[in-house]
Trainee: 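I have a structure here, written as structure tokens, and I will follow up with some questions on it.
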Amino acid sequence: MIKYDRFWETLKKRHISQYYLIHKCGVDKRLLLRLRNNENVEIYSLARLCSILNCDLGDIVEYVPEPSPEATAIRAAKEEAAATHSKKSSVK
């Protein structure tokens with residue numbers, strides 16, 4: 001999964017507002033909405049943001065691996081077992 005939390009952190013660190021990006025740099029509001037929702041963004045748009053912010057791609061984008069289906073199933077089974085165990089403990 002691609003996340004854009006670093007973009008918002010970079011804006012905050014540099015004291016750059018969304019207003020500035022939209023009205024002074026011509027950044028589309030919909031692009032900011034896609035970034036906010038971690039949706040697909042074209043590489044051209046990311047390159048343009050890097051140029052505007054004078055930063056590297058890693059300052060605005062982060063790759064977070066999604067857990068495998070097996071890992072998700074194991075975690076769910078452990079949580080269910082823990083919940084069942086705590087219910088039994090509270091009944092005693």
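For clarity, every value in this text was computed on a predicted model and none was experimentally measured.
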Trainee: Check whether any side-chain heavy atom of Glu9 sits under 4.5 Å from a side-chain heavy atom of Arg14, and report yes or no.
Mentor: no

Trainee: Nearest 0.5 Å, please: how far is CG in Leu35 from CG in Asn37?
Mentor: 9.5 Å

Trainee: Go through it in stages, so that I can follow the logic: the residues are Ser45 and Arg48, the test is side chain to side chain contact (heavy atoms under 4.5 Å, CB included), and I'd like the CA-CA distance, side-chain angles, deciding distance and then a yes or no.
Mentor: CA-CA 5 Å; Ser45 299; Arg48 185 160 175 258; 5.6 Å; no

Trainee: Could you go through the side chain to side chain contact (heavy atoms under 4.5 Å, CB included) check for Leu31 and Leu21 one step at a time?
Mentor: CA-CA 11 Å; Leu31 172 59; Leu21 292 176; over 6 Å; no

Trainee: Checking Val61 against Arg6 for the side chain to side chain contact (heavy atoms under 4.5 Å, CB included) test, could you report, in this order, the C-alpha distance in whole Å, the side-chain angles of both residues, the deciding distance, and whether it holds?
Mentor: CA-CA 6 Å; Val61 176; Arg6 290 182 182 178; over 6 Å; no

Trainee: Within the 4.5 Å heavy-atom criterion, are Cys50 and Asp56 side-chain neighbours or not?
Mentor: no

Trainee: Distance check, rounded to the nearest 0.5 Å: Glu62 atom CD versus Lys3 atom NZ?
Mentor: 6.5 Å

Trainee: If you define the side chain from C-beta out and look only at heavy atoms, does anything of Asn40 sit under 4.5 Å from Ile2?
Mentor: no

Trainee: Measuring from atom CG of Leu49 to atom SG of Cys25, what distance do you get when rounded to the nearest 0.5 angstrom?
Mentor: 9.0 Å

Trainee: Rounded to the nearest 0.5 Å, how far apart are CG of Asp5 and CG of Asn38?
Mentor: 5.5 Å

Trainee: Start with the C-alpha gap between Phe7 and Asp59, add the side-chain angles, then the distance that decides, and say whether side chain to side chain contact (heavy atoms under 4.5 Å, CB included) holds.
Mentor: CA-CA 6 Å; Phe7 170 73; Asp59 294 326; over 6 Å; no

Trainee: So, taking the atom named CZ in Arg34 and the one named NZ in Lys29, what distance separates them when rounded to the nearest 0.5 Å?
Mentor: 14.0 Å

Trainee: So do Pro65 and Met1 actually touch side chain to side chain, heavy atoms under 4.5 Å?
Mentor: no

Trainee: As an exercise, state the distance from CG of Leu57 to CD1 of Ile43, rounded to the nearest 0.5 Å.
Mentor: 5.5 Å

Trainee: Between Tyr4 and Glu39, is any pair of side-chain heavy atoms under 4.5 Å apart?
Mentor: no

Trainee: Please determine whether residues Tyr63 and Trp8 belong to a single hydrophobic cluster, defined as Ile, Leu, Val, Met, Phe, Trp and Tyr linked transitively by side-chain heavy-atom distances below 4.5 Å.
Mentor: yes

